[in-house]
There are 2 protein chains.
Amino acid sequence: MKTLRILAVDDHEMTMLGYKFILERIVFDDHNIIVDTANTYEGGKQKIEESLHSFKYDIIFLDVQLFPPNEEQPNNGEDLGILARKLVPESKIIFMSSFSDNYRINSILKSVDPDGYMVKTDIDPKSLEQAVKTVTTQPPYYSSKALGAIRKKMSNDITLDENDKKILYHLSIGTKTKDLEKHIELSSSSIENRKRHLKSLFGTEKENDLALILAAKNRGFI
Amino acid sequence: MKTLRILAVDDHEMTMLGYKFILERIVFDDHNIIVDTANTYEGGKQKIEESLHSFKYDIIFLDVQLFPPNEEQPNNGEDLGILARKLVPESKIIFMSSFSDNYRINSILKSVDPDGYMVKTDIDPKSLEQAVKTVTTQPPYYSSKALGAIRKKMSNDITLDENDKKILYHLSIGTKTKDLEKHIELSSSSIENRKRHLKSLFGTEKENDLALILAAKNRGFI
DNA sequence: AGGTAAACCCCAGTTTTTTTAAGGTAAAAC
DNA sequence: GTTTTACCTTAAAAAAACTGGGGTTTACCT
């Protein structure tokens, strides 16, 4: 009887209890599943560091958003993922996130390259079980909505560089064109040029910014 | 009792019989599964065209390689996929292929954006069943090895243009540098520059071409 | 070992693309 | 009704990519 150790980090106490309840009831070969939990960045970090000197977690579930969006917290789930990768590279990391937007998914897939990514609305006992099993045998596991987003990106032949992506992202969250230069290392006319270029790429010439971000969203870039 | 109609196209008669045998035995809600088969591009095309006037196929399984690699055939599974998309856009298309190399996977994901992609070594009764169910309810379905390839691509931030990809691809199939100009619309010195640039991108400066294509393979580009 | 072809490297000139600044117009916001 | 913002044009500067011409090194063949 092997023991499969899981750490789940989510800021909502209740949902985490749900995960723990479901995960520990998974029947998986001759494995005994034990779930630890934490509900802050610091708490998760501590659990991982403690584990270094004893057992190590086989799977770490991480909520991307460890704090309410309005609170300006320095560290989120993504940072904890990066830290975990460094401390315990052999642990499988599965991200959970409520948004299925491509910008964040892409950012996470690049920065930590997790062994799994689940959009929260896809999470249920069945998918959690599937995730645990897939990730331990042949990662990665991506939940249905995540796969949909990934599919959009893969079926796309438009390639954008970092500046283009930043422009799209900032526009999508409501940043005004005139304020873009504060976030992107380019002159205002360059940004305008790129915006024009982007609109032609996405077939929204002579339309407004909303049409552009809508098109970019449809194609899976935001 | 609904009827789920499946068309499977593969040039190996025997493997196709296997698919038919397994697919028709899948228990899926109150569905009755019927599998038609074809073993050539022409045969598949004909079946699809016939279906236009009666029922339509719910799922079409397509072997990417419909002919032995040495035979110079004009049409392969990819072409049949493009045709099928045009004739019956509502049919789900699942590609099967023996190679898991990214170059081909990417090409197919872009040209037809199939609802499923299965690497042949991943195919077994269980995965076939999973593919049928996933594709009918919430596509896409990608088999384990395909997901591995997709993961590699998603997790890296190197963006290459068409010429770079062509150079990598041709180098990987053994094309000599001096012959590259026949396949790519660039001068020989441009190709050399790009090769140098590629080697620096992949961290294989001052190494030979083998190191470059190995690195590119590892990162999921070939 | 000698000879040859391919791979590789470097440079200088050219073309192409990107960036930048400056100035103007039309629409929207206040 | 004035100010702000978005958008466009132009021209010049800078950066990046391409090209043709050198050359040297490496690999392979007999």
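Throughout, protein chains are lettered first and strands after them, A, B, ... in sequence-line order, and every chain is numbered starting at 1. Bear in mind the structure is a predicted one, so any value in this text is a computation, not a measurement.
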Exercise for the section: Classify the nucleic acid contact of B:R194 as base, sugar-phosphate or nothing, counting any heavy atom under 4.0 Å across all strands shown. Expected result: sugar-phosphate
Handout entry: Distance in angstrom units between A:I191 CD1 and D:dA6 C1', rounded
Key = 13 Å
Practice task
Measure the distance from CG on B:N193 to P on C:dA7 and round it to the nearest whole Å.
Solution key: 16 Å
Handout entry: Side-chain donor-acceptor contact under 3.5 Å, B:S111 with B:E78
Key = yes
Problem - Among D:dC18, C:dC9, D:dC8, the one nearest B:E192 by side-chain distance - result: C:dC9
Problem - Separation of atom CD in A:E162 from atom C1' in C:dT18, rounded to whole Å - result: 17 Å
Exercise for the section: Could you please name the partner base of D:dT30, counting Watson-Crick and G-U wobble pairs only when both distances are under 3.5 Å? Expected result: C:dA1
Practice task
State whether A:K206 places a side-chain N or O below 4.0 Å from either non-bridging phosphate oxygen (OP1 or OP2) of D:dC7.
Solution key: no
Practice task
Would you kindly give the NZ-to-P distance between A:K195 and D:dC7, to the nearest whole Å?
Solution key: 4 Å
Handout entry: Spacing of A:R196 atom CZ relative to C:dT20 atom C1', expressed in whole Å
Key = 13 Å
Exercise for the section: Considering just the side-chain nitrogens and oxygens of B:S187, establish if one lies under 4.0 Å of OP1 or OP2 belonging to D:dC18. Expected result: no
Practice task
Check whether the ring centres of B:Y117 and B:Y142 lie less than 6.0 Å apart, and answer yes or no.
Solution key: no
Practice task
Give one of base, sugar-phosphate or nothing for A:D209, where a contact means two heavy atoms less than 4.0 Å apart.
Solution key: sugar-phosphate
Exercise for the section: Please evaluate the base of C:dA21 for a donor-acceptor partner in the side chain of A:S189 within a cut-off of under 3.5 Å? Expected result: yes
Practice task
Whole angstrom is fine here: how far is it from CG in B:L171 over to C1' in C:dC8?
Solution key: 13 Å
Problem - A:K176, nearest nucleotide to its side chain (from D:dC8, C:dC9, D:dA6) - result: D:dA6
Problem - Short N-O contact, B:D179 and B:K182, less than 4.0 angstrom - result: yes
Problem - Interatomic distance, B:H197 NE2 vs C:dC9 C1' [rounded to whole Å] - result: 17 Å
Handout entry: B:S91-B:K56 side chain donor-acceptor pair, cut-off 3.5 Å
Key = no
Practice task
Pick base, sugar-phosphate or nothing for A:T177, based on heavy-atom distances below 4.0 Å to the nucleic acid.
Solution key: sugar-phosphate
Practice task
Output yes when at least one side-chain N/O atom of A:K178 is less than 4.0 Å from OP1 or OP2 of D:dA6, else no.
Solution key: no
Problem - Centroid-centroid distance, A:F202 to A:F221, less than 6.0 Å - result: yes
Practice task
Mind calculating the distance between CD1 (B:I167) and P (C:dA7) to the nearest angstrom?
Solution key: 13 Å
